[in-house]
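Accompanying notes for the structure given below.
Each chain gets a letter, A, B and so on, in the order its sequence line appears, and its residues count up from 1.
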Number of protein chains: 2
Amino acid sequence: MAVIRKTKTVESLINFFKKSEHPVSILDLIEKFDTTMDKSTIYRILERLEGSNMIHSFIDSDGVKRYAQLKDEGSSIGKQEKHPHFVCNDCGNSSCLPVKISIPSVPDYIIESAEHLLKGICKNCTPQVK
Amino acid sequence: MAVIRKTKTVESLINFFKKSEHPVSILDLIEKFDTTMDKSTIYRILERLEGSNMIHSFIDSDGVKRYAQLKDEGSSIGKQEKHPHFVCNDCGNSSCLPVKISIPSVPDYIIESAEHLLKGICKNCTPQVK
DNA sequence: GTATTTATTGCAACTTACTTGCAATATTAT
DNA sequence: ATAATATTGCAAGTAAGTTGCAATAAATAC
Ligand SMILES: [Mn+2]
Ligand SMILES: [Mn+2]
Ligand SMILES: [Zn+2]
Ligand SMILES: [Zn+2]
């Protein structure tokens, strides 16, 4: 993986990820940076950022790839090489989950890694008792 | 969901799934039935078969949807509403796994369902001791 | 600083998975 | 057999993602 130059477009994207609450799809980004950068640039930058582990991605249940920042030291999730992801059935937002899911051993298969997508209701969408 | 008519194309696909060892992508099917049916027909039939629970699908780690038959009564996996899937890093074949993965409870989230994609080496690709 | 090297960008053209409208056809119901 | 309607093939369309290339901007060497 080649050097990543600190161009304006790269910095905008990095800043965006620093502030972002939830993983976003490429189309979200293309729309958001509509006037500022070309979609091919966005595709290429995301590829580089992921390749150099500054962001990570997962595949949503409809096959859409979503990108999220790699949180920094302080964050509990930052350390985890791999973590499950969550998609809210209500608002559609997704999240990185700071939990570990254990895999049972499966006869005839050697499991090397796993991807988990949990679905349900996020905190924002949960009816609250006042 | 409307009635599913037993047309030649539908029967071909059902037969194919009955014999199939592994889940297949739509593109696999389009190629396989290249001369026999139109791709739009394949898309539409798969939709109907899945809608009436005769097949099921999952999303591969590269976002590709793969379809597999719903096994019949005898099969251990047939009964399971939900099961994890496996993709071999070596041969690329995928499988339905007849195991249950337990989900830890996650604070602030209500988990309603989960999709698991395990990756590793399948039996065929495992070096065997003679 | 200036010159040099090379990564990155925007643009337009392209590829391709997937969708859609519609008229013709095949199933199913009567 | 007739009528009703689900399904099909085809051709055209949509849109996500890719690519080549010349212009530009970063990083590096001087
Ligand atoms: Mn994550
Ligand atoms: Mn399965
Ligand atoms: Zn929500
Ligand atoms: Zn294998």
Side-chain angles (χ1 to χ4, degrees), chain A residues 1-18 22-69 87 92 94 117, chain B residues 1-18 22-69 87 92 94 117:
Chain A
M1 188 61 53
V3 192
I4 292 190
R5 294 192 173 177
K6 290 285 160 46
T7 63
K8 279 187 173 182
T9 44
V10 168
E11 301 224 301
S12 302
L13 279 173
I14 290 181
N15 275 330
F16 174 82
F17 279 111
K18 277 189 186 153
H22 299 287
V24 291
S25 71
I26 293 198
L27 290 188
D28 291 339
L29 291 171
I30 290 177
E31 190 180 2
K32 169 145 188 78
F33 293 99
D34 188 23
T35 57
T36 2
M37 47 187 115
D38 188 74
K39 64 179 177 175
S40 67
T41 303
I42 297 182
Y43 279 100
R44 295 190 265 221
I45 291 179
L46 290 176
E47 212 168 81
R48 273 179 279 145
L49 291 182
E50 187 168 27
S52 52
N53 291 314
M54 301 180 67
I55 58 175
H56 70 287
S57 68
F58 65 95
I59 307 284
D60 204 333
S61 42
D62 36 334
V64 171
K65 198 175 198 178
R66 299 191 160 270
Y67 288 89
Q69 68 182 125
V87 179
S94 55
L117 188 67
Chain B
M1 188 62 51
V3 191
I4 292 191
R5 295 192 174 177
K6 290 284 159 49
T7 64
K8 280 186 170 182
T9 45
V10 168
E11 301 224 301
S12 303
L13 277 173
I14 290 180
N15 275 330
F16 173 83
F17 278 111
K18 276 188 187 155
H22 299 286
V24 290
S25 71
I26 293 198
L27 290 188
D28 291 339
L29 291 170
I30 290 178
E31 189 179 3
K32 170 148 188 77
F33 292 100
D34 188 23
T35 56
T36 0
M37 47 187 115
D38 189 76
K39 63 182 173 172
S40 67
T41 305
I42 297 182
Y43 279 100
R44 293 191 268 223
I45 290 178
L46 290 176
E47 212 168 82
R48 273 179 280 143
L49 292 182
E50 187 168 28
S52 52
N53 291 314
M54 302 180 67
I55 58 176
H56 71 286
S57 69
F58 66 94
I59 307 285
D60 203 334
S61 42
D62 38 335
V64 171
K65 200 174 195 176
R66 301 192 158 268
Y67 289 90
Q69 69 182 126
V87 179
S94 55
L117 187 67

Just checking A:I30: base, sugar-phosphate only, or nothing, at a heavy-atom cut-off of under 4.0 Å? nothing
Whole angstroms only, please: what is the NZ-P distance between B:K65 and C:dA17? 16 Å
Tell me which of B:L27 and A:M37 sits closer to the 5' end of DNA chain C, going by the nucleotide each one is nearest to. A:M37
Separation of atom CD1 in B:I45 from atom P in C:dT19, rounded to whole Å: 14 Å
Measuring from the side chain of B:R5 (C-beta onward, heavy atoms only), which nucleotide among D:dC10, C:dT19, D:dT7 has the closest atom? D:dT7
Is any side-chain heavy atom of A:I59 less than 4.5 Å from a side-chain heavy atom of B:L117? no
Is B:D38 reaching over with its side chain to a backbone N or O of B:S40, donor-acceptor style, under 3.5 angstrom? yes
Is B:R66 close to B:D28 at the side-chain level, that is, under 4.5 Å between some pair of heavy atoms? yes
A:S40 vs C:dG10: side-chain N/O to OP1/OP2 distance below 4.0 Å: no
Looking only at side-chain atoms of B:K39, point me to the closest of D:dA16, C:dT9, C:dT19. C:dT19
Looking at DNA chain D, which of residues 6-14 of chain B put a heavy atom within less than 4.0 Å of it? B:T7, B:T9, B:V10
For B:S25, report the nucleic acid contact type (base, sugar-phosphate, nothing); a contact means any heavy atom under 4.0 Å. nothing
Residues A:R5 and A:V10: closest non-hydrogen pair is O-CG2, 3.7 Å
Tell me the interatomic distance from A:I4, atom CD1, to C:dT9, atom P, rounded to whole angstroms. 10 Å
For B:H56 versus B:E50, what's the shortest heavy-atom pair and its separation? C-OE2, 3.9 Å
Tell whether A:R44 reaches the base of D:dG17 with its side chain through a donor-acceptor pair below 3.5 angstrom. no
Do the side chains of B:F16 and B:V24 get nearer than 4.5 Å, heavy atoms only? yes
Using a distance-only criterion (donor-acceptor N/O pair, under 3.5 Å, no hydrogens), is the base of C:dT8 paired with the side chain of A:R48? no
Would you say the side chain of A:L49 lies within less than 4.5 Å of the side chain of A:I4, judging by non-hydrogen atoms? yes
Round to a whole Å and report the spacing from CD of B:E47 to P of D:dT8. 12 Å
